[in-house]
Amino acid sequence: MSLIERAGLAVLHRIDPEAAHGLAMLALKTGLAPSAGPLTSERLRCSVAGLSLANPVGLAAGFDKNAEALPGLAKSGFGFVEVGAATPRPQPGNPKPRLFRLTQDQAAINRFGFNNDGMEAIAGRLAHRPRDMVLGLNLGANKDSDDRAADFAQVLARCGGDLDFATVNVSSPNTEKLRDLQGKEALSALLAGVLAARDGLAKPIPVFLKIAPDLDEAGLADVAEVAQTSGIDGIIATNTTLSRDGLSSPFAAQAGGLSGQPLFEKSTRVLARLSQLTEGRLPLIGVGGVGSAEQAYAKIRAGASAVQVYTALVFGGMSLVPKIVRGLDALLERDGFASVAEAVGTGREDWL
């Protein structure tokens, strides 16, 4: 990390977290953020659900909710980028304050509630996206929608022509009863509608399902079954958690979803169990607490074909991206893996 970036992070950590994030976005939009350029190697190049990735380290949804900083993100070293969540109509989200920085725990709690500019504004920005990046959109539903399942399909139908993949997000804890859509029957019906919208695109794209880390064994088994029979292309495991185990920050009691380091073990165990349940038939993307090359590697060995980061950037800055990517390359080389694919699932049993 450069002295400039270290000083910038120190300043950002002294102000309101949501305002700090806005300044970080401004730096990306104006070209002031660190630019790592393309990061790749023969070991790192991989394919996930037909997507050709320069490396398996992606940006998770929520960082760029409205697809406003795509040129900057395209130069940040990620193998793929997911923006959103987008809903059919704009919505302000929950009242502020709604983002809390848990520095002692290297974590964050948010209760944003799908605040975004709506699919029309986001679609306009996607139309001018850089074409040299792998870009996905997290699909959401309006809080006051009469048919939330239909919202997901509507956003995909409107925005899908300028995407490389889309993610169905039924796992945010900040929209009331949204997680109810993870139930077997509701999820099957929802995914059928989304996949019908996907099939109506001029160029069909992979569709992933993002799940919560708080599902019990029966819930995980249902998700694995529905995912394999529905025709979706993969699972992103996991979103934020409602658990507060082991936290020391004074913000620990705040309502919302917890992300960052405390989520790593929980989300990785869910990932490994899903890998076991699906027997490698579906690509999995591991997210939750990835803040180092070692943690990215652990997710891959637990069953992930790729990983995503977000909260760690709050504490490590954008220079963390090349550090994770290059470190992952070194770990693969150290252990004799010629590719990411060779390493996937080789340490799964350690998490079961």
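The shown structure was predicted, so the numbers you read here are calculated from the model rather than taken from an experiment.
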Next item on the list: With rounding to the nearest 0.5 Å, note down the distance linking CG in D64 to CG in L59.
Entry: 8.0 Å
Note to self: Taking the six-membered ring of F112 as reference, does the cationic atom of K96 (NZ for Lys, CZ for Arg) lie under 6.0 Å from its centre and within 45° of its axis?
What the structure shows: no
Notebook entry, point to check: Between F251 and F100, how do the two ring planes meet: parallel, tilted or perpendicular, split at 30° and 60°?
Noted result: tilted
Checklist line | Intermediate values then yes/no, side chain to side chain contact (heavy atoms under 4.5 Å, CB included), T87 and L139 | finding: CA-CA 7 Å; T87 57; L139 312 176; over 6 Å; no
Next item on the list: Please check if any side-chain donor atom of N55 sits under 3.5 Å from a side-chain acceptor atom of T40, or the reverse.
Entry: no
Item checked: E5 and S319: side chain donor to acceptor below 3.5 Å -> yes
Notebook entry, point to check: For E185, does the CD atom have more than 12 heavy-atom neighbours from other residues, nucleotides or ligands under 6.0 Å away?
Noted result: no
Next item on the list: Would you indicate whether the side-chain heavy atoms of F63 and L28 approach each other to under 4.5 Å?
Entry: yes
Check: If you look at every heavy atom in F315 and L9, which pair is closest and at what distance?
Finding: O-CD1, 3.9 Å
Note to self: If the threshold is 4.0 Å, N to carboxylate O, is there a salt bridge linking R89 and D144?
What the structure shows: yes
Check: Is the closest side-chain heavy-atom distance between I285 and F208 below 4.5 Å?
Finding: yes
Notebook entry, point to check: Do you know the tightest heavy-atom contact between K299 and L271?
Noted result: O-CD2, 3.3 Å
Margin query: Return the CD to OG1 distance between E82 and T167, rounded to the nearest 0.5 Å.
Written below: 3.5 Å
Note to self: Main chain of A343, side chain of R301: is a donor-acceptor contact present, judged purely on distance under 3.5 Å?
What the structure shows: no
Check: Are Q276 and E349 linked by a side-chain donor-acceptor pair shorter than 3.5 Å?
Finding: no
Next item on the list: Begin from the C-alpha positions of D233 and R198 and carry the test salt bridge (Lys or Arg N to Asp or Glu O under 4.0 Å) through to its verdict.
Entry: CA-CA 12 Å; D233 299 277; R198 188 267 303 274; 3.1 Å; yes
Next item on the list: Apply side chain to side chain contact (heavy atoms under 4.5 Å, CB included) to V81 and V134, showing your working.
Entry: CA-CA 6 Å; V81 169; V134 176; over 6 Å; no
Checklist line | Rounded distance [0.5 Å steps], OG1 in T278 versus CD in E225 | finding: 13.0 Å
Item checked: Atom pair CG (D335) and OG1 (T346), whose distance is rounded to the nearest 0.5 Å -> 8.0 Å
Item checked: Gap between atom CG of L102 and atom CZ of R244 - 0.5 Å precision -> 8.0 Å
Next item on the list: Please determine which of T311, V57, T268, V309 meets the side-chain contact (heavy atoms from CB on, under 4.5 Å) test together with V290.
Entry: V309
Next item on the list: Decide yes or no for E18 and P97: does some side-chain heavy atom of the first lie under 4.5 Å from some side-chain heavy atom of the second?
Entry: no
Margin query: Is any side-chain heavy atom of D164 closer than 4.5 Å to one of I205?
Written below: no
Next item on the list: Could you tell me whether the side chain of L51 reaches within less than 4.5 Å of the side chain of F80, counting heavy atoms only?
Entry: no
Next item on the list: Determine whether L258 and L242 make a side-chain contact, defined as any pair of heavy atoms from C-beta on separated by less than 4.5 Å.
Entry: no
Item checked: Atom of N239, atom of L263 and distance for their closest heavy-atom approach -> O-CD2, 3.5 Å
Next item on the list: May I ask you to test the L332-L44 pair for a side-chain heavy-atom distance under 4.5 Å?
Entry: yes
Check: Going by an N to O cut-off under 4.0 Å, is there a salt bridge joining K266 and D245?
Finding: no
Item checked: Polar contact flag, side-chain donor to acceptor under 3.5 angstrom, S248-D105 -> yes
Next item on the list: From the options L215, L277, V270, select the one residue that forms a side-chain contact (heavy atoms from CB on, under 4.5 Å) with V223.
Entry: L215
Item checked: Side chains of N66 and N116, donor plus acceptor under 3.5 Å -> no
Check: Could you walk me through whether V83 and I122 pass the side chain to side chain contact (heavy atoms under 4.5 Å, CB included) check?
Finding: CA-CA 10 Å; V83 298; I122 291 171; 5.5 Å; no
Check: For atom NZ of K75, is the number of surrounding heavy atoms from other residues, nucleotides or ligands below 6.0 Å larger than 12?
Finding: no
Check: Is there side-chain contact between E294 and L331, with at least one heavy-atom pair below 4.5 Å?
Finding: yes
Margin query: A quick test of your reading: do over 12 heavy atoms of other residues, nucleotides or ligands sit less than 6.0 Å from CG of D199?
Written below: yes
Next item on the list: Would you kindly say whether K210 and T238 are connected by a side-chain donor-acceptor distance under 3.5 Å?
Entry: no
Note to self: For R131, I'd like to know if atom CZ has over 12 heavy atoms of other residues, nucleotides or ligands within 6.0 Å.
What the structure shows: yes
Notebook entry, point to check: Are more than 12 heavy atoms from other residues, nucleotides or ligands located less than 6.0 Å from atom NZ of K323?
Noted result: no
Next item on the list: Could you tell me whether the side chain of R158 and the main chain of E120 form a donor-acceptor pair under 3.5 Å?
Entry: no
Margin query: So, taking the atom named CG in L135 and the one named CZ in F78, what distance separates them when rounded to the nearest 0.5 Å?
Written below: 12.5 Å
Checklist line | Least distance between heavy atoms, L12 atom then R101 atom | finding: O-NH2, 3.2 Å
Check: Any idea which heavy atoms bring L328 and P56 closest together, and the distance?
Finding: CD2-CG, 3.7 Å
Check: Same cluster or not: are L247 and V314 linked, directly or through other Ile, Leu, Val, Met, Phe, Trp or Tyr residues, by side-chain heavy atoms under 4.5 angstrom apart?
Finding: no
Checklist line | D151 to G140 - nearest heavy-atom pair and separation | finding: CB-O, 3.9 Å
Check: H13 side chain to A20 main-chain N or O, any donor-acceptor pair under 3.5 Å?
Finding: no
Notebook entry, point to check: Are R43 and S339 close enough that a side-chain donor and a side-chain acceptor fall under 3.5 Å?
Noted result: no
